[in-house]
Amino acid sequence: MTLNIRIIAPDRTVWDAEAQEIILPSSTGQLGILTGHAPLLTALDIGVMRVRVDKEWMPIVLMGGFAEIENNQLTILVNGAEEASQIDLSEAEKNLETATQLLSDASSNKEKIEATQKIRKARARVQAATVAIV
C-alpha cells in the first residue's frame, strides 16, 4: 500500500504523488508516517521532510506549516517548500553564512529573531542539498 501525499504552498502544489513512507519535521520532533497511520493533525517546523518512493529517499525542505493524515491521505500545508534537486548547494551555503553574519550583527531582539529564522531556513536547505548529492 501507499500513501497519497499533497504538499501545498501558498503559490503552488509542490508535490502530489504516492509514497511508501514519510518522515516529517514536526514541532515535537521527527515524525514517521506509514500506511495505516492513525488520523493525526500536527504542526510542522522548518526542516527537511524525507519521502520514500519505492526504495529511494527524496528530501524536501518545508518552511513550517501543518500536516494532516487520514485514510492514507497526507495533506501538508506549508508556508514554503523546495525540492532538494532544485537547491544550489553553494548558494545555500552562502545564504547560511550571510544569515549567521546577520545574527552576529543583530542588536535588537527583532533582528535576532529574524536572523535566527533565516539561519534555520538556510540550514534546512543546506541539509537537503547535501543529502540529495550523496
Side-chain angles (χ1 to χ4, degrees):
M1 278 189 85
T2 58
L3 295 159
N4 294 316
I5 305 164
R6 290 192 76 196
I7 302 172
I8 304 168
D11 58 343
R12 65 190 170 101
T13 298
V14 178
W15 182 272
D16 190 357
E18 293 184 347
Q20 287 73 38
E21 185 177 357
I22 295 94
I23 300 173
L24 292 170
S26 80
S27 59
T28 58
Q30 297 292 309
L31 177 64
I33 307 285
L34 296 169
T35 57
H37 197 286
L40 174 74
L41 179 64
T42 186
L44 299 175
D45 205 357
I46 296 170
V48 179
M49 173 179 112
R50 290 171 180 77
V51 180
R52 184 171 62 87
V53 178
D54 296 323
K55 294 183 180 184
E56 190 170 322
W57 286 93
M58 299 178 359
I60 299 174
V61 178
L62 302 180
M63 300 301 175
F66 295 92
E68 178 185 35
I69 179 79
E70 189 170 20
N71 297 324
N72 292 323
Q73 299 280 339
L74 176 61
T75 304
I76 301 170
L77 303 174
V78 291
N79 298 322
E82 192 172 4
E83 290 184 53
S85 61
Q86 304 299 315
I87 298 172
D88 178 348
L89 179 58
S90 62
E91 179 185 330
E93 289 171 338
K94 287 177 189 173
N95 289 342
L96 180 56
E97 289 175 25
T98 301
T100 303
Q101 187 61 45
L102 283 173
L103 181 59
S104 65
D105 294 344
S107 57
S108 71
N109 283 340
K110 180 183 178 194
E111 290 173 343
K112 289 177 184 176
I113 291 169
E114 288 172 354
T116 300
Q117 285 296 94
K118 287 181 181 182
I119 287 173
R120 293 178 67 215
K121 290 177 182 180
R123 275 192 189 137
R125 293 182 78 236
V126 168
Q127 180 185 3
T130 304
V131 169
I133 291 171
V134 173

Participant: Do L40 and L3 sit in the same hydrophobic cluster, where Ile, Leu, Val, Met, Phe, Trp and Tyr count as joined when their side-chain heavy atoms come under 4.5 Å apart?
Facilitator: yes

Participant: For R50, does the CZ atom have more than 12 heavy-atom neighbours from other residues, nucleotides or ligands under 6.0 Å away?
Facilitator: yes

Participant: Between I33 and I5, does the side-chain contact (heavy atoms from CB on, under 4.5 Å) criterion hold? Intermediate values first, please.
Facilitator: CA-CA 11 Å; I33 307 285; I5 305 164; over 6 Å; no

Participant: Verify the cluster assignment for V53 and L62: are they in a single hydrophobic cluster under the rule of side-chain heavy atoms below 4.5 Å apart?
Facilitator: yes

Participant: How far apart are the closest heavy atoms of R12 and A81, and which atoms are they?
Facilitator: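 Scanning both residues completely, I find the closest heavy atoms to be NH2-O, 3.2 Å.
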
Participant: Do you reckon V14 sits in the same ILVMFWY cluster as I87, going by side-chain contacts under 4.5 Å, direct or chained?
Facilitator: no

Participant: Side chains of W15 and M58: does their closest heavy-atom pair fall under 4.5 Å?
Facilitator: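 Side-chain contact under 4.5 Å: yes.
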
Participant: List in chain and number order the residues that pass salt bridge (charged side-chain N to carboxylate O under 4.0 Å, His left out) with E68, two or more places apart in sequence or in another chain; answer none if no residue qualifies.
Facilitator: none

Participant: Is there a path of hydrophobic side-chain contacts, each under 4.5 Å between heavy atoms of I/L/V/M/F/W/Y residues, joining L44 to V61?
Facilitator: no

Participant: Just how far is it from atom CG of D88 to atom CZ of R125, taken to the nearest 0.5 Å?
Facilitator: 8.0 Å

Participant: Shortest non-hydrogen contact from Q127 to V48?
Facilitator: OE1-CG2, 3.6 Å

Participant: Nearest heavy-atom pair of G80 and A9: which atoms, and what distance?
Facilitator: CA-CB, 4.4 Å

Participant: Mind checking the CG-NZ spacing from N79 to K121? Nearest 0.5 Å is all I need.
Facilitator: 7.5 Å

Participant: At what distance, to the nearest 0.5 angstrom, does OG of S90 lie from CG of N95?
Facilitator: 9.5 Å

Participant: In Å and rounded to the nearest 0.5 Å, what is the CE to CD1 distance from M49 to I76?
Facilitator: 4.5 Å

Participant: Would you say L24 ends up clustered with I69 if hydrophobic residues are merged whenever their side chains have heavy atoms under 4.5 Å apart, either directly or through other cluster members?
Facilitator: yes

Participant: Start with the C-alpha distance between L102 and E114, add both sets of side-chain angles, then the distance that settles side-chain contact (heavy atoms from CB on, under 4.5 Å), and finish with yes or no.
Facilitator: CA-CA 9 Å; L102 283 173; E114 288 172 354; over 6 Å; no

Participant: Quick one: do L96 and I119 satisfy side-chain contact (heavy atoms from CB on, under 4.5 Å)? Show the steps, please.
Facilitator: CA-CA 6 Å; L96 180 56; I119 287 173; 4.1 Å; yes

Participant: Starting at CG of D54, measure out to OG1 of T2 and round the result to the nearest 0.5 Å.
Facilitator: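 The OG1 atom of T2 is 10.0 Å from CG of D54, to the nearest 0.5 Å.
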
Participant: Ignoring hydrogens, what is the shortest heavy-atom contact between A84 and A128? Give both atom names and the distance.
Facilitator: CB-O, 3.5 Å

Participant: My understanding is that only residues two or more places apart in sequence, or in another chain, count here; which of them pass side-chain hydrogen bond (donor to acceptor under 3.5 Å, both in side chains) with E111?
Facilitator: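 Partners of E111 by the side-chain hydrogen bond (donor to acceptor under 3.5 Å, both in side chains) criterion, ordered by chain and then number, come out as S107.
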
Participant: Check whether any side-chain heavy atom of V126 lies under 4.5 Å from a side-chain heavy atom of L89, and answer yes or no.
Facilitator: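 Yes, their side chains come closer than 4.5 Å.
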
Participant: Can you tell me how far apart CG (N4) and CG (N71) are? Round to the nearest 0.5 Å.
Facilitator: 10.5 Å

Participant: Closest heavy-atom contact between A124 and G47?
Facilitator: CB-CA, 4.0 Å

Participant: My understanding is that only residues two or more places apart in sequence, or in another chain, count here; which of them pass side-chain hydrogen bond (donor to acceptor under 3.5 Å, both in side chains) with N109?
Facilitator: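 Residues passing side-chain hydrogen bond (donor to acceptor under 3.5 Å, both in side chains) with N109: none at all.
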
